[in-house]
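These notes are about the structure you will find just below.
Every heavy atom of this structure was used, including side-chain atoms; hydrogens, water molecules and symmetry mates were not. Both ligands and their constituent atoms are indexed starting at 1 by order of listing.
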Amino acid sequence: MALSHFFIACFALLGHSKIWVVAFNRLLARNLPRKPVKICELGILILLALGPVVFLGWTAAALLASRFPMGLATSLLDVFSATPVEIYLAVCVAAAAWAAPVWIWRFAFDHNQDRQATRKRRHLVLAKPSDTPLATHLLTRLLTYIPGNQVLELEVNTKELRLARLPAKLHDFTIAHISDLHISGQFSSAFYERVVEEVNAMQADLVVVTGDILESKHCLDWIPHTLGRLHCENGVFFILGNHDLRIGDTQALRNRLENAGLIDLGGKSRVLNIRGTNLFLAGNERPWFEPLPVIDQHAQTADFRLLLSHTPDQIDWARKHDFDLMLAGHTHGGQIRLPWTGPIVAPSRYDARFASGLFHLPPTLLHVSRGVSGIQPLRLNCRPEISRLVLQSAAPPKTTEHAAGQVEELAASHGIS
Ligand SMILES: [Fe+2]
């Protein structure tokens, strides 16, 4: 009897975790003042930590009161006589019962096409934890010593994107997609210089940076010798993300980036004439910055529409405005990916659904980068990533197809100190 109630408590604990992780994800997906968000974050983390204590305590108390097996059932049926803990436990059981089929469905029918699209994957170890110049903060240094922490690594991916409406002239057009650099001083500028070298080595036709670029004022001077060294014939375009707000004066950041040769696409659009085709390019920084880019007659007559957005939550807007390809970041792949559940925490109203990867949501193909870094220097089973996207004109693959593409994997170590 005690064992069955222990399992009920464990099931309820799953529901408890689901409720508060969803609350956490939705909270961070919105444009809210930072201080109340931090307080709510702390409250949610405390509640998550208290869950095991409350549920195991409930099991022990019920066992001692010898209320098994009918006590729980009676309480669930008669909420007026149930204790607050029992009512909450019933809510958690219901949440787990709702979440479990979703988890199973996602596991069985993975709609993420990232594996099928990846043709080449190169692992770089940018530095060892003992490399002094890399992680400049003590806490960061300590976290880098955690076994399996991949925060000092980089995955350089080549992915083939099949786009049904891609003009034939843009076949094999390449885009270097980088996101979420989070330049804050936690890592030295040498870390970012190394990332930029890798992006330049891609020799992409277009380079895009999808937000969360820099969040400490004192790192503004790093821009010329980091992102300022990015080069691309057709331009290096950027938008900002929520962490860029932490600098205070975001216009100063935009100015520095533009002075370094990058092109601000936040809330703007433009048409690039490439290979005799018109490529409509737009930047959506919602919900953190206004305005939305104008979708005018240039978009209507363009041969291909490409959208940069910091958060994948803007996918509905992209679909509504008929974008062919949307590039996003923000969710960092979840940063911690467990073997069975995958990513759990992702600041999105879709939770971890678009944590990273490639998703075909007609008419739009969405690519979400895992990003380069993050303010929490911990990544497990979730390497930082930069991507070379090769656009290909073809019918999109079926979403439930599981056959992985032949991936050429290479590993290399490059200390930078
Ligand atoms: Fe980010």
Side-chain angles (χ1 to χ4, degrees), residues 21 24-32 34 37-38 41 135 137 140 143 149-155 176-187 191-192 195-196 199 208-217 219 222-223 226-227 237-248 250 253-254 257 262 265-266 283-289 307-315 326-337 343-357 366-380 382-387:
V21 166
F24 190 84
N25 289 340
R26 308 287 165 98
L27 177 74
L28 298 184
R30 300 167 70 92
N31 181 17
L32 297 170
R34 195 177 168 205
V37 166
K38 295 304 283 183
E41 265 185 51
H137 288 185
T140 308
L143 285 171
N149 187 359
Q150 298 169 314
V151 77
L152 299 180
E153 299 179 26
L154 184 69
E155 199 169 281
H177 180 198
I178 57 175
S179 194
D180 298 83
L181 293 104
H182 290 269
I183 301 173
S184 66
Q186 280 201 117
F187 298 104
F191 178 88
Y192 297 101
V195 172
V196 165
V199 177
V208 301
V209 189
T210 50
D212 277 5
I213 294 171
L214 188 144
E215 53 185 286
S216 292
K217 245 179 187 172
C219 295
W222 292 14
I223 288 173
T226 55
L227 292 174
F237 293 87
F238 76 88
I239 58 167
L240 298 187
N242 54 316
H243 278 256
D244 296 304
L245 283 165
R246 296 186 180 185
I247 198 171
T250 49
L253 174 58
R254 291 185 197 274
L257 288 164
L262 286 85
L265 201 67
N284 178 335
E285 296 177 328
R286 274 206 173 165
W288 300 286
F289 300 92
L307 177 69
L308 309 187
S309 168
H310 181 56
T311 171
D313 285 2
Q314 294 298 315
I315 181 63
M326 169 175 161
L327 306 179
H330 184 55
T331 40
H332 298 198
Q335 289 208 194
I336 296 171
R337 302 165 76 102
I344 293 170
V345 175
S348 164
R349 65 190 176 99
Y350 296 102
D351 296 313
R353 182 180 171 193
F354 301 130
S356 67
L366 167 67
H367 180 254
V368 186
S369 170
R370 295 197 298 270
V372 169
S373 189
I375 204 67
Q376 292 85 17
L378 182 64
R379 281 178 180 257
L380 300 175
C382 185
R383 280 191 187 92
E385 143 181 86
I386 56 174
S387 303

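Side-chain N or O atoms of D180 include none that pairs as donor or acceptor with a backbone N or O of S373 at under 3.5 Å.
Between the side chains of S348 and H330, no donor N or O sits under 3.5 Å from an acceptor N or O.
Atom CD of E285 sits about 12.5 Å away from atom OG1 of T311, to the nearest 0.5 Å.
Here H332 reaches the Fe ion (ligand 1): one of its N/O/S atoms is less than 2.8 Å from the metal. None of the N, O or S atoms belonging to H310 lies under 2.8 Å away from the Fe ion (ligand 1).
With sequence neighbours excluded, the residues forming a side chain to side chain donor-acceptor pair (under 3.5 Å) with R286 are E290, listed by chain and number.
The atom name of the N/O/S atom in D212 closest to the Fe ion (ligand 1) is OD2. The atom of D180 that is an N, O or S and sits closest to the Fe ion (ligand 1) is OD2.
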